[in-house]
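Heads up: the structure comes next, in structure tokens.
Heavy atoms only: backbone and side chains are in, while hydrogens, waters and symmetry mates are out.
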Amino acid sequence: MVPPDSTRADQMHQIGEVADAVGLSLRTIRHYEEVGVVVPSGRSTGGFRLYTDEDVDRLRMVRRMKPLDLTLEEIREVLALLDRVDEEPGDASAREQLATYAALAVERCERLRSRLALAMEFTDALGRAVEGASPSSRGRRARSGTRTGTT
């Protein structure tokens, strides 16, 4: 599909430009097209994928969903629900389904925060070790093979 006029073509972006703007690899963007997550809005006369600003925004949204470990099917469903709500703001069913995904996103963000807190604790401990601070007594016992609280 070639854009019908040059005005529209000026507003379209090739995949490399999109990849840089969104922070996804070309391979990932092509895969998203193959599985129907985000399909380019057009093709150049040479067959290159062309993306509108709206397509780029959708890819950014998909990128924001990636850390939440949603499946590709879930990502497609969220995007379809967002489209439905955009087209019909009063669609209570779509809003209810989005609310379920919102609750799931909150839950997964909490899990990510917990994992990040553990990673930060480890990073801080490594930093103290690098700076020569004495390791915690628990760390010394673990290395020497001693156990606490046993006789």
Side-chain angles (χ1 to χ4, degrees), residues 1-4 7-44 47-131 133 135-143 147-149:
M1 173 188 341
V2 177
T7 306
R8 181 164 178 222
D10 292 342
Q11 298 170 356
M12 309 242 340
H13 313 280
Q14 289 190 5
I15 192 169
E17 180 185 351
V18 172
D20 290 342
V22 176
L24 293 171
S25 70
L26 298 173
R27 185 177 181 176
T28 298
I29 294 171
R30 287 183 191 115
H31 179 68
Y32 287 159
E33 176 187 3
E34 288 171 17
V35 298
V37 171
V38 177
V39 178
S41 289
R43 295 266 181 176
S44 71
F48 294 104
R49 293 166 177 83
L50 295 173
Y51 296 85
T52 63
D53 290 339
E54 185 176 306
D55 297 333
V56 174
D57 289 342
R58 284 178 84 81
L59 283 166
R60 282 191 181 107
M61 172 124 8
V62 171
R63 184 155 191 273
R64 288 192 292 264
M65 287 187 248
K66 283 179 70 168
L68 300 176
D69 291 328
L70 295 174
T71 65
L72 290 173
E73 180 58 39
E74 290 170 325
I75 289 171
R76 274 193 303 269
E77 185 172 1
V78 168
L79 291 172
L81 289 167
L82 289 168
D83 289 345
R84 277 178 50 193
V85 167
D86 249 6
E87 293 166 9
E88 295 182 47
D91 187 336
S93 173
R95 288 189 179 281
E96 186 177 310
Q97 290 173 316
L98 281 174
T100 300
Y101 278 111
L104 177 65
V106 168
E107 175 187 312
R108 292 197 178 164
C109 283
E110 283 302 316
R111 190 178 329 152
L112 286 168
R113 282 186 195 96
S114 295
R115 291 180 66 198
L116 180 59
L118 289 172
M120 293 301 295
E121 288 174 19
F122 176 71
T123 302
D124 291 345
L126 281 178
R128 287 190 302 275
V130 168
E131 293 169 1
S136 70
S137 59
R138 181 176 182 190
R140 271 195 304 267
R141 281 191 301 275
R143 281 193 304 278
R147 295 173 50 172
T148 59

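- For Arg60, the salt bridge (Lys or Arg N to Asp or Glu O under 4.0 Å) test picks out Asp57, with sequence neighbours left out.
- Sorted by first and then second residue, the salt bridge (charged side-chain N to carboxylate O under 4.0 Å, His left out) pairs involving residues 68-79 (not counting sequence neighbours) are Glu73-Arg76.
- Residues Arg43 and Leu50 form no side-chain contact, since every pair of their non-hydrogen atoms from C-beta on lies 4.5 Å or further apart.
- Smallest separation of non-hydrogen atoms from Arg108 and Leu68: NH1-O, 2.7 Å.
- Note that CG of Leu59 is 8.5 Å distant from CD1 of Ile15, once rounded to the nearest 0.5 Å.
- Counting only distance, with no hydrogens or angles, the side chain of Asp55 and the backbone of Ser41 share a donor-acceptor pair below 3.5 Å.
- Put simply, the side chain of Gln14 does not reach to within 4.5 Å of the side chain of Arg49, judged on heavy atoms.
- Listed by first then second residue, pairs satisfying salt bridge (charged side-chain N to carboxylate O under 4.0 Å, His left out) with a partner in residues 112-122 read Glu110-Arg113, not counting sequence neighbours.
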Just list the side-chain donor-acceptor pairs under 3.5 Å for residues 20-32, sequence neighbours left out, or say none.
{"unit_1": "Ser25", "atom_1": "OG", "unit_2": "Thr28", "atom_2": "N", "d": "3.0"}
{"unit_1": "Ser25", "atom_1": "OG", "unit_2": "Thr28", "atom_2": "OG1", "d": "2.8"}

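- Side-chain contact between Thr52 and Gln11: absent, with no pair of heavy atoms (C-beta onward) separated by less than 4.5 Å.
- The closest side-chain heavy-atom distance from Leu82 to Met61 is below 4.5 Å.
- Shown here for Pro67 and Leu112, the closest heavy-atom pair between the two residues is O-CD1, 3.6 Å.
- Partners of Asp53 by salt bridge (Lys or Arg N to Asp or Glu O under 4.0 Å), not counting sequence neighbours: none found.
- For Arg111, the salt bridge (Lys or Arg N to Asp or Glu O under 4.0 Å) test picks out Glu107, with sequence neighbours left out.
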Mind listing the side-chain donor-acceptor pairs of residues 91-98 below 3.5 Å, one per line with the distance, residues two or more places apart or on another chain?
{"unit_1": "Asp91", "atom_1": "OD1", "unit_2": "Arg84", "atom_2": "NH2", "d": "3.2"}
{"unit_1": "Asp91", "atom_1": "OD1", "unit_2": "Ser93", "atom_2": "N", "d": "3.2"}
{"unit_1": "Asp91", "atom_1": "OD1", "unit_2": "Ala94", "atom_2": "N", "d": "3.0"}
{"unit_1": "Asp91", "atom_1": "OD2", "unit_2": "Arg84", "atom_2": "NE", "d": "3.0"}
{"unit_1": "Asp91", "atom_1": "OD2", "unit_2": "Arg84", "atom_2": "NH2", "d": "3.0"}
{"unit_1": "Arg95", "atom_1": "NE", "unit_2": "Pro89", "atom_2": "O", "d": "2.8"}
{"unit_1": "Arg95", "atom_1": "NH2", "unit_2": "Pro89", "atom_2": "O", "d": "3.1"}

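- Scored by the salt bridge (Lys or Arg N to Asp or Glu O under 4.0 Å) test, Glu17 finds no partners at all (sequence neighbours excluded).
- Atom OG1 of Thr100 and atom CG of Leu104 lie 9.0 Å apart (nearest 0.5 Å).
- With rounding to the nearest 0.5 Å, the separation of CD in Glu33 from OH in Tyr51 is 5.0 Å.
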